[in-house]
Amino acid sequence: MVVGGREGVSPVVVWFRDDLRLADNPALTAAAATGRPLVALFCLDEGGGRRPLGGAARWWLHHSLASLGRDLHARGVPLVLVRGPAEGAVPAVVQATNAAEIHWNRRYDEAGRAVDAGLKARFEADGVRATSHNGGLLVEPWTVSTKSGQFFKVFSPFWRAAQDPLAALRQPLPVPEMTGAPEPGLGEPLEALGLLPTKPDWSGGLRETWQPGEAGARERLAEFLDHRLSHYADRRDVPAAEATSELSPHLRFGEIGVVTVYRAAAHHGDANPADARAVAKFQSELGWREFSHNLLYHFPDLGWRNFQDRFDAFPWRGEDEASADVAAWRQGLTGYPIVDAGMRQLWRTGGLHNRVRMIVASFLVKHLMVHWRVGEAWFWDTLVDADPANNTASWQWVAGSGADAAPYFRIFNPISQGEKFDPDGAYVRRWVPELARLPAKHIHSPWTAPGEVLARAGVALGREYPHPIVDHDAARHRALAAFETLRSNAA
Ligand code: FAD
């Protein structure tokens with residue numbers, strides 16, 4: 001059955017994936033430029049080796065698709081939502097609408113690339129023109145390489161080499177003029193994708209915190225440029241300062257193009273020369289996103305295999321042995337206030353400040369000696385920005401097993417990190433309210449507070465708030481000793 005195209009004019013399908021936006025979307029722009037009527041398509045494909053999204057990301061995706069659907073509808077373009085392996089579901093829509101062409105923006109994970117390559121070959125054999133575009137990165141992974149033709153494993157030379165292609169970076173694309181094909185009557189309603197949590201609905205904190213969708217992304221960017229970017233270099237490490245862009249989930253789902261963000265920061269820098277350092281710092285964080293995708297592309301096992309294979313011999317504690325500690329970590333009940341504040345913020349809002357991500361990740365991997373994959377999986381399920389490249393690269397970075405990683409022997413001290421980056425305890429007070437009345441001097445180490453100070457603050461350790469589940473010095477020595485076994489193995 002052919003249900004889509006107008007009399008004599010076959011439509012073009014735009015297959016949306018991690019690019020849920022109309023502006024600065026090369027696939028959509030190219031499809032619209034054909035002058036043919038458009039059918040927009042999204043396929044929820046969680047099989048075939050593709051990792052199913054975590055709970056928080058599913059919540060985000062639901063609202064992002066709702067927003068995209070509204071924006072397309074306002075322009076007369078239908079959004080068809082289908083489920084199932086893309087290998088079958090996408091050609092079925094192309095066939096049913098009698099489309100002559102299909103466009104998509106590229107993805108960089110191995111399973112996704114394999115699906116796309118197979119589909120491209122199949123469409124070409126069927127006489128359907130299939131075209132892919134770069135809608136997700138500033139510098140695609142094959143664009144830069146070392147002098148010896150290898151991919152970069154260290155960030156600084158990677159980012160230096162990226163400056164050449166960046167000098168020729170295109171301008172962001174406007175929302176194109178487009179005509180929609182008649183509603184093809186295919187696919188399923190959004191609710192049928194089952195992306196929202198129901199029993200129980202734990203998404204209240206996410207709803208209070210975020211506005212998924214292209215309009216929300218643009219608002220975040222504008223707010224960042226107007227009020228935060230100037231202080232970014234100095235305050236980005238202070239979790240209570242709210243000095244970062246909070247664009248990560250919007251970038252993850254492609255509700256705003258990275259070219260738009262990079263160019264907007266550059267434009268701000270041109271207009272405000274005093275902010276040059278802040279702009280360069282912010283752009284280099286976008287660079288870490290590029291670097292992580294570069295790693296995932298060239299090392300597709302990044303999500304489960306140590307980038308440095310000497311870590312294969314690391315004596316992680318077993319699941320049973322560590323299970324109580326892992327539960328305390330997840331629930332924000334470790335007895336270390338900055339760790340607990342972070343884990344509770346993550347659970348409540350689906351977001352977490354970068355400095356605190358590093359602190360909580362280091363605590364799990366080093367203080368508790370639990371494999372980084374356990375933490376990566378928890379973040380995957382709870383973060384709204386959970387990203388196949390950034391999450392895995394960052395966990396391996398913290399663990400010491402990654403590319404250009406923090407050395408294993410550098411162990412974050414959760415007390416001094418708290419004192420340095422949350423000096424008055426504002427962040428801890430917000431997320432660990434049972435400690436809110438403790439003076440700043442003791443807020444990052446409540447067990448050091450004299451009994452009368454604890455009593456005045458209404459804190460009985462072991463009752464309102466736990467004792468530390470591990471002693472910092474003992475945990476540090478245990479981790480270093482474990483790391484030594486790797487070194488002696490290598491010797
Ligand atoms: P900003 O400081 O405003 O930075 C702008 C953008 O640059 C971010 O939105 C993000 O897209 C990118 N970026 C910033 N820092 C990094 C970084 N270190 N690595 C890669 N990209 C970066 N980021 C994710 O997007 N998804 C994840 O799943 C993720 N998991 C992480 C896990 C751990 C253990 C750690 C330590 C970091 C992780 N990050 C992840 C990176 C970083 O913490 C977040 O991107 C950042 O906190 C998002 O806040 P922001 O948008 O305000 O960042």
Side-chain angles (χ1 to χ4, degrees), residues 18 51 53-54 56-57 60 136-138 155 158-159 209-210 216-217 220-221 223-225 227-229 231-239 241-258 260-262 264-265 278-296 302-303 329 339 342-343 345-346 349-366 370 372-406 412 417:
D18 300 327
R51 188 178 188 184
L53 294 178
W60 190 285
L137 292 178
L138 297 168
F155 173 72
F158 167 82
W159 195 231
T209 313
W210 303 101
R220 281 269 174 188
L221 177 62
E223 142 83 18
F224 176 65
L225 296 171
H227 301 294
R228 299 185 178 194
L229 177 51
H231 313 292
Y232 183 79
D234 303 323
R235 297 173 66 187
R236 60 182 285 275
D237 267 322
V238 179
E242 300 188 339
T244 68
S245 72
E246 296 178 86
L247 279 168
S248 53
H250 301 290
L251 284 164
R252 157 67 183 85
F253 287 95
E255 297 168 350
I256 193 158
V258 67
T260 301
V261 177
Y262 184 90
V279 169
K281 185 71 199 153
F282 176 68
Q283 289 178 329
S284 83
E285 294 306 318
L286 294 174
W288 275 97
R289 177 177 177 273
E290 302 288 317
F291 182 58
S292 301
H293 284 78
N294 161 72
L295 291 176
L296 178 67
L302 193 64
W329 178 78
V339 174
M343 296 309 291
Q345 179 188 17
L346 171 62
T349 69
L352 185 56
H353 187 274
N354 181 59
R355 168 62 47 181
V356 190
R357 289 187 203 211
M358 292 194 283
I359 296 171
V360 302
S362 171
F363 188 83
L364 182 76
V365 168
K366 298 184 183 176
V370 169
W372 59 263
R373 279 202 300 259
V374 175
E376 195 277 339
W378 183 251
F379 271 31
W380 181 261
D381 199 28
T382 52
L383 275 174
V384 286
D385 66 16
D387 181 277
N390 291 356
N391 200 35
T392 52
S394 300
W395 272 95
Q396 291 226 38
W397 185 89
V398 173
S401 63
D404 199 6
F412 275 42
Q417 285 284 312

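Ligands are counted one by one from 1 in listed order, and the atoms in each one are counted from 1 as well. In this chain, numbering begins with 1 at the start of the sequence shown. Below, all heavy atoms of this structure are taken into account, side chains as well, without hydrogens, waters or symmetry copies.
- The two residues Arg51 and Ala377 make their nearest non-hydrogen contact at NH2-CA, 4.0 Å.
- Shown in contact with Arg289 at under 4.0 Å from a heavy atom are these atoms of ligand 1, numbered in order with element: 11 (O), 20 (C), 21 (N).
- The distance from the CZ atom of Phe379 to the CG atom of Leu364 is 9.0 Å, given to the nearest 0.5 Å.
- Closest to atom 25 (O) of ligand 1 by heavy atom, among Leu229, Leu364, Asn390, is Asn390.
- Scanning the protein for heavy atoms near atom 12 (C) of ligand 1, the closest one is Glu285 O, 3.5 Å.
- One distance of note links OG1 of Thr260 with CG of Leu251; it measures 9.5 Å at 0.5 Å rounding.
- Within the cation-pi definition used here (under 6.0 Å to the ring centroid, within 45° of the axis), Arg252 does not qualify as a partner of Trp60.
- Of all protein heavy atoms, the one closest to atom 33 (C) of ligand 1 is Ser394 CB, 3.4 Å.
- Residue, atom and distance of the protein heavy atom nearest to atom 29 (C) of ligand 1 are Arg357 NH1, 3.2 Å.
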| task | Verify side chain to side chain contact (heavy atoms under 4.5 Å, CB included) between Gln417 and Val356, making sure each step is shown before the conclusion. | result | CA-CA 9 Å; Gln417 285 284 312; Val356 190; over 6 Å; no

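- Considering both main-chain and side-chain atoms, Ser245 comes within under 3.5 Å of ligand 1 through a nitrogen or oxygen pair.
- Among all non-hydrogen protein atoms, the one lying nearest atom 27 (C) of ligand 1 is Asp385 OD1, 3.4 Å.
- Between Trp395 and ligand 1, no N or O atom pair is found at a separation short of 3.5 Å.
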| request: Take Asp385 and Arg357 through the test salt bridge (Lys or Arg N to Asp or Glu O under 4.0 Å) and record every step on the way to the result. | output: CA-CA 13 Å; Asp385 66 16; Arg357 289 187 203 211; 2.8 Å; yes

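- Of the protein's heavy atoms, Phe282 CE1, 3.4 Å lies nearest to atom 5 (C) of ligand 1.
- Between Tyr232 and Phe282, the angle of the ring planes goes over 60°, which puts this pair in the perpendicular group of the 30/60° scheme.
- Checked by distance only, ligand 1 and Asn391 come closer than 3.5 Å through their nitrogen or oxygen atoms.
- The Leu247 neighbourhood of ligand 1 comprises atoms 9 (O), 51 (O), with distances under 4.0 Å to a heavy atom of that residue.
- Between Arg252 and ligand 1 there is no heavy-atom distance shorter than 4.0 Å.
- Listed by number with element, the atoms of ligand 1 under 4.0 Å from a non-hydrogen atom of Ala386 are 28 (O).
- Heavy atoms of Trp380 found under 4.0 angstrom from ligand 1: none, in either backbone or side chain.
- Heavy atoms of Met358 approach ligand 1 to within less than 4.0 angstrom.
- Contact annotation: for Leu251 versus ligand 1, heavy atoms closer than 4.0 Å belong to the side chain alone.
- From the protein, the heavy atom lying nearest to atom 50 (P) of ligand 1 is Glu246 N, 3.5 Å.
- Considering all non-hydrogen atoms of both residues, Arg236 and Thr244 come closest at O-CG2, 3.7 Å.
- Closest heavy-atom contact between His250 and Gly216: CE1-C, 3.9 Å.
- Between Trp329 atom CH2 and Phe363 atom CZ the span is 10.5 Å, to the nearest 0.5 Å.
- Looking at Leu352 against ligand 1, only its backbone comes within 4.0 Å, counting heavy atoms.
- The shortest N/O to N/O separation between Trp288 and ligand 1 does not fall below 3.5 Å.
- In the candidate list Phe224, Trp397, Phe379, Tyr232, Tyr232 is nearest to atom 4 (O) of ligand 1, counting heavy atoms.
- Among all non-hydrogen protein atoms, the one lying nearest atom 8 (C) of ligand 1 is Ser248 CB, 4.1 Å.
- Of the listed residues (Asn354, Leu383, Leu286), the one carrying the non-hydrogen atom nearest atom 41 (C) of ligand 1 is Asn354.
- Residues Phe291 and Trp159 keep their aromatic ring centres 6.0 Å or farther apart.
- Side chains of Trp378 and Leu346 form a contact here, defined as non-hydrogen atoms less than 4.5 Å apart.
- Salt-bridge annotation for Glu285 and Lys281: present, with a side-chain N of the basic residue lying under 4.0 Å from a carboxylate O of the acidic one.
- Within the 4.0 Å heavy-atom cutoff, Val258 does not count among the residues contacting ligand 1.
- Nearest heavy atoms, Phe158 versus Gly287: CE2-O, 3.9 Å.
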